[in-house]
Structures are given as structure tokens and as C-alpha cells.
> 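One structure, pasted below without further comment.
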There are 2 protein chains.
Amino acid sequence: MMSTTPTRSTAPPSALLYLTDEQLRQGIEAMFFAYRGFTADPDQILEERGYGRAHHRAIHFINCVPGTTVNNLLHILGVTKQSLNRVLRSLIEDKLVRVEVGQKDRRERHLFLTATGKELETALSNAQSARMRDAYRHAGPDAVAGFRKVLEAMMDEDLRKTYTALHEREA
Amino acid sequence: MMSTTPTRSTAPPSALLYLTDEQLRQGIEAMFFAYRGFTADPDQILEERGYGRAHHRAIHFINCVPGTTVNNLLHILGVTKQSLNRVLRSLIEDKLVRVEVGQKDRRERHLFLTATGKELETALSNAQSARMRDAYRHAGPDAVAGFRKVLEAMMDEDLRKTYTALHEREA
DNA sequence: CATTTTATGTCAGTCTTGTTGACATTTCAA
DNA sequence: TTGAAATGTCAACAAGACTGACATAAAATG
């Protein structure tokens, strides 16, 4: 059928990568439906305890970067301080998050999960990881590498840096 | 090294796939950051015209399945009819979407994009596809296959069926 | 030391998008 | 004819984002 570049068995060079509109649409829809699945399990746990996705995100990154400042969290989450503050306030009131005044700079507030906070984080993480693990197992290790490669390439420039910084220590 | 099932060249059996917590967390965060990038470009176009993501989703799937009924769209999008109706009403008022009474079953309403609607769809699709295309090009064809494999495995059972049904005609 | 900038918190109001519940209409099907 | 299905609509509510304005404490800078 194709008159150009016959007998290309494995990977064509990037310039010759065939990307039909249909393939791209499929990718877009895959993102949409997969993200629904991705959030479904934690959402259920959160609802039981009267929290939302916004709380999950805060908890996740406070766990990931213990002692992070409010400003840093603001940047990672990409929301306004008013929006984050509403979430943080309830987490602090409920004693899931603990605040420490900065030693060097006493304007800064450093955020940590309490034991209770870690409990919830673990529950959420387990639920979400379970699905991720199943998906990984089902797709195989090569697919996993490709999955992350595409996702990373899809991020905004500065967020990719943030993402990389979060993980480069343990690479 | 492996005592069981030797000489497995490509994918190790699922039980032997090493998945550290760190790898799983990385995948979770990749999804989070990538989804931000995924929606960033269309969001900007939508804001200029006074629409939101909900409008985008409706437009996308009406374009994808022209003549779809309200009920079908409801199922694909996974929202309540009241929520969808608010969005549809404005799209119909603005003449981006056209409604046809069903020929066979006159209770059904079939939805189509008008020329204006297709224009917006194209603009949104171009923006989103451009990023997807760049990501695909950057990651390479093998990565793309893996990307879709993992995403499909991450979907809820019934949504995966919906997703598959949307594309199987042109497979 | 005075001033400005930074980090944080807070109040008030708005918007989008989701929800539930109740009810009406038209049309098909039994 | 009666009931179920597909759709639309009203009202009320909640989460979570936004803007704008303002307050405080502490650091940094002149």
C-alpha cells in the first residue's frame, strides 16, 4: 500500500514516524479514560473520610518531600495559596499534617505528615499503587519504560524539571 | 540468576517483574504532571472562548461519534445528565452543536457538531495533538506502544470496553 | 535603623463542574 | 392503556479552582 519506505521492520527514525490523526486521538482518549481509573480508587477512600483529590495531592507531596515549605508545595501543585491553604488548614486541624517554623528562616513553615497522616497516605498510596502495579504487570517492563518516556515528554518544561528533581536522588 | 522458567527472552512472567515503591510513585507522579501538560493547551483556547474542560470533552466525543445519543454520551463521560445538560445547552445555544430527533426512536436526540463546532474541535484537537505528537516523536514508536498498553491496563473494566469500542472499527 | 521584600495566612466573592432530588414531556413497548 | 425509557429542567448544594485585598512577621537591603 505504502509506496515510500518499504521493508521498515522495527523503528523508523523519528522524522518518519507515522502518526495518523486516529492514532493521536486514540492517545488522547487513552489519557482521558486512564486518568479516570487512576483516580478512582483513592477517590473512594477520600470520600469515606470527607476529603477530596486536593487533599490527596497535598498529602502525597508532603510525604514525598517531608519538610517542604508552603511555597515549594504551591509550585509543585500549581494552585493558588488560597486554594492550598483551605486544604492545608483542614489537614492541620485534623492532625494529619504538622507544621514546623523554619530554623534558618523563621518565616517559612515546614510541613510533615503525622502518624495519622502517614496512615492515610499509605492507604491512598496502596490503592493507587495496586492499580499501577497491575497495569505494569499486565503491560510488561518494556511497556512501562515507554509509558514513562511518553508521559515525561508530555509535561511542561518546568514541571518536567520539578518531576525529575523529585526523583533524581534515588535514580 | 532466575532458577525458574529460564530462556524467557522478552518479557519476564508477571510474578518476576521488579516493582519498587519508588518506581510506582514515579509512575503516579508522572501521570499527575503529564495530565497537567495534556490539558494545558486546550484549556487556554477554551478560556478565550468562555468554555471549560467539560465543553471540550463533550465536543471531542460528539466529533468522535457523530450522531451519538445523549444517553450514550452520558455513559462515555461518566457524569449526570444535569451536569451534561448544562454544557450541552450552551453549546446548542451557541450553535456549536446541532440536535436531530431520532428517526427510528423519536425520543432520542442525536448530536452533531456544526461547522462552527468543528472549527473549535479542530483548534482544540490540533493543540492537544501537537503536544501528543511531540511526545510520541520524542519517545519513539516502541515507547508509544508501551504507553498505550499501560494506559489501557489502567482503565476500569467497562471504560476499557467503551474505549475499545470507539476505535475497533478503524483498527 | 528604616524600608522593602518575602513567606505566609485570611476574608470575601466568583466561576466551573460536579452532585442529589423532584418533576414534566414525549414516545415507545408490552 | 399502562408503564418504562429518553430527555429536559428547576433548585439547591459542594468541592475546588480563581481574583483581589489586606494583615503579619521576619528577613534582607539600603
Side-chain angles (χ1 to χ4, degrees), chain A residues 32 35-36 39-40 42-62 67-94 97-112, chain B residues 32 35-36 39-40 42-62 67-94 97-112:
Chain A
F32 172 63
Y35 203 80
R36 291 249 293 270
T39 54
D43 278 357
Q44 214 179 333
I45 297 174
L46 290 160
E47 203 194 354
E48 288 166 15
R49 317 214 189 181
Y51 295 120
R53 249 179 239 183
H55 300 84
H56 184 187
R57 292 196 279 264
I59 288 172
H60 177 98
F61 286 105
I62 292 173
T68 181
T69 64
V70 173
N71 250 350
N72 187 34
L73 199 52
L74 238 34
H75 179 245
I76 292 174
L77 296 176
V79 296
T80 59
K81 64 174 177 175
Q82 293 91 330
S83 198
L84 175 59
N85 203 255
R86 182 172 354 119
V87 166
L88 277 184
R89 207 185 312 173
S90 73
L91 291 176
I92 292 166
E93 267 175 20
D94 297 352
V97 168
R98 176 172 57 84
V99 179
E100 264 184 30
V101 173
Q103 291 188 333
K104 236 183 99 179
D105 187 334
R106 297 185 44 190
R107 288 172 303 182
E108 290 179 341
R109 300 295 129 101
H110 299 273
L111 305 168
F112 301 87
Chain B
F32 172 63
Y35 203 80
R36 290 249 293 270
T39 54
D43 279 357
Q44 213 180 332
I45 297 173
L46 290 161
E47 203 193 354
E48 288 167 14
R49 318 215 186 179
Y51 295 119
R53 251 180 236 182
H55 299 85
H56 184 189
R57 291 195 280 264
I59 288 173
H60 177 99
F61 285 106
I62 292 172
T68 181
T69 64
V70 174
N71 250 350
N72 187 34
L73 199 52
L74 239 34
H75 178 246
I76 291 174
L77 297 176
V79 296
T80 58
K81 64 173 177 175
Q82 292 91 331
S83 196
L84 175 58
N85 203 254
R86 190 171 23 206
V87 166
L88 277 185
R89 208 185 312 174
S90 73
L91 291 177
I92 293 167
E93 268 174 19
D94 299 351
V97 168
R98 175 172 58 83
V99 179
E100 264 184 31
V101 173
Q103 291 187 334
K104 235 182 101 180
D105 187 335
R106 297 185 43 189
R107 289 171 302 180
E108 290 179 341
R109 300 295 129 102
H110 299 273
L111 305 169
F112 301 88

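Letters A, B, ... mirror the listed sequences (proteins, then strands); counts begin at 1. No experiment lies behind these values; they were computed from the predicted model shown.
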> Can you tell me the distance, in whole Å, between the CD atom of B:Gln82 and the C1' atom of D:dC10?
10 Å
> Send over the distance from A:Leu88 CG to C:dT10 C1', rounded to a whole Å.
13 Å
> Grab the NE2-C1' distance between A:His75 and C:dT8 for me, whole Å please.
18 Å
> Anything under 30° is parallel, anything over 60° is perpendicular, the rest tilted; go ahead and classify A:His55 against A:Tyr51.
tilted
> Does the side chain of A:Thr69 pick up a donor-acceptor pair with the side chain of A:Arg109 at under 3.5 Å?
no
> Using a strict cut-off of less than 4.0 Å between a Lys/Arg side-chain nitrogen and an Asp/Glu carboxylate oxygen, indicate whether B:Glu100 and B:Arg98 qualify as a salt bridge.
yes
> Taking the six-membered ring for Trp and the full ring for Phe, Tyr or His, determine whether the centres of B:Phe61 and A:Phe32 are under 6.0 Å apart.
yes
> Has the side chain of B:Arg107 got a donor or acceptor that lies under 3.5 Å from a partner of the other kind on the base of C:dA29?
no
> Using heavy atoms to find the nearest nucleotide of DNA chain D for A:Lys104 and A:His55 separately, return the residue whose nucleotide is more 5′.
A:His55
> What does the list of N/O pairs under 3.5 Å between the protein and nucleotides 1-3 of chain C look like, with a distance for each?
none

> Indicate whether OP1 or OP2 belonging to D:dA17 is found under 4.0 Å from a side-chain N or O atom of A:Arg57.
yes
> Atom CZ of A:Arg86 and atom C1' of C:dT10: how far apart are they, to the nearest Å?
12 Å
> Where is the tightest heavy-atom contact between A:Ile76 and B:Arg36, given as atom of each residue plus distance?
O-NH1, 3.4 Å
> In whole angstrom, give the distance that lies between atom CG of B:Leu46 and atom C1' of D:dA17.
16 Å
> Answer with base, sugar-phosphate or nothing: what part of the nucleic acid does B:His110 contact at a heavy-atom distance below 4.0 Å?
nothing
> Determine whether a donor-acceptor pair (one donor, one acceptor, N or O, separation below 3.5 Å) exists between the side chain of B:Arg109 and the base of D:dG8.
no
